[in-house]
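One structure below.
As the structure lists them, so they are numbered: ligands from 1, and atoms in each ligand from 1.
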Amino acid sequence: MPSPSLIPSGKARVAGVAGWPVAHSRSPRIHGFWLRRYGIDGAYVPLAIRPDQFDLAVRGLAAAGFSGINVTVPHKRAAFELCDVLSPAARRAGAANTLVFQDGQISGDNTDGWGFLASLRERGIDPAAGPALLLGAGGSSRAIAASLQEGGVTVTLANRTRERAEAMARDLPGLRVIDWEQRSAALGDQALLVNTTTLGMAGQPALSIDLDRAGPRTAVADIVYVPLETPLLAQARARGLTTVDGLGLLLHQARPGFAAWFGVAPEVDAALRDFVLADLLPA
Ligand code: ATR
């Protein structure tokens with residue numbers, strides 16, 4: 001007989017994660033861990049929603065009494081467009097990953113940038129310590145760049161397809177764009193290097209960059225978390241540089257949603273990290 005405290009009651013608050021596909025999402029594991037840890041009467045479920053059904057499904061979830069949802073690939077832009085109210089972070093990123101349903105309204109936030117900054121602080125890095133070099137111009141890069149800029153950091157962006165970087169710079173004034181080939185040469189001035197490309201991910205080629213060009217106090221972050229230590233992070237560690245892996249962002253970005261839906265501000269600690277990591281490691 002499982003502990004009755006772990007079984008949702010009729011009054012349970014309900015949230016989930018919308019994606020297509022959604023089977024790869026680690027969010028149910030993260031939120032499920034916190035629900036148990038804090039003994040909350042609630043549930044958090046995966047929601048496989050086809051792109052052409054997204055609006056209908058989200059309005060249905062709100063009507064059905066869900067407290068809110070996380071939104072993952074490929075729905076973050078559609079979520080942004082559907083919201084009645086948007087946080088400044090969602091507006092800057094042009095995408096929403098956390099929706100709260102309340103009083104007939106859908107409010108959208110983007111917690112990726114916030115989660116990234118929290119993952120730096122967890123490693124003892126001051127996100128505002130100095131300029132940052134960002135590699136990649138996808139959705140995560142946009143959210144991270146906006147948050148760094150918000151903290152007063154000068155951000156330089158390099159992307160293989162320069163036009164995508166230029167498009168980002170049009171939305172984020174002050175962003176400095178350089179050619180992809182200039183990424184190593186630009187390292188010398190940076191307090192922080194962030195890889196937001198898919199390079200270094202399991203099955204993808206490694207990111208090639210000359211870390212000898214970085215100063216001794218440059219911190220190196222990767223948002224890739226499979227593998228946890230990417231070739232970039234391994235190189236940085238071998239040089240004695242401070243490293244930040246992608247699991248921190250994944251865990252921290254989940255905190256604001258959980259707090260809004262379930263009423264408890266959750267903590268990221270070693271036990272949560274190990275629990276999520278156990279699911280990332282090959283069996
Ligand atoms: P997100 O999930 O953050 O939205 P995405 O849109 O899938 O990311 O973008 C992946 C990023 O990895 C892009 O910046 C992509 O560069 P392009 O804009 O030129 O496509 C980058 N990327 C993927 N493969 C790459 C490679 N072999 N070399 C350099 N950059 C690469």
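- A salt bridge is absent between Asp112 and Arg142; no separation between the charged side-chain nitrogens and carboxylate oxygens falls under 4.0 Å.
- The backbone N or O of Leu99 sits less than 3.5 Å from a side-chain atom of Trp261, completing a donor-acceptor pair.
- Below 30°, between 30° and 60°, or above 60°: for Tyr44 and His31 the angle between ring planes is below 30°, a parallel geometry.
- Asp41 and Ser9 are linked by a side-chain donor-acceptor pair at a separation below 3.5 angstrom, with hydrogens and angles left out of the test.
- Closer than 4.0 angstrom to ligand 1 lie heavy atoms from Gly136, Ala137, Gly138, Gly139, Ser140, Asn159, Arg160, Thr161, Arg164, Trp180, Thr197, Thr198, Leu199.
- At a threshold of 4.0 Å, the pair Glu81-Arg77 counts as salt-bridged, since one of the basic side-chain nitrogens sits closer than that to a carboxylate oxygen.
- For Ser87, the side chain to side chain donor-acceptor pair (under 3.5 Å) partners at least two apart in sequence or on another chain are Asp109.
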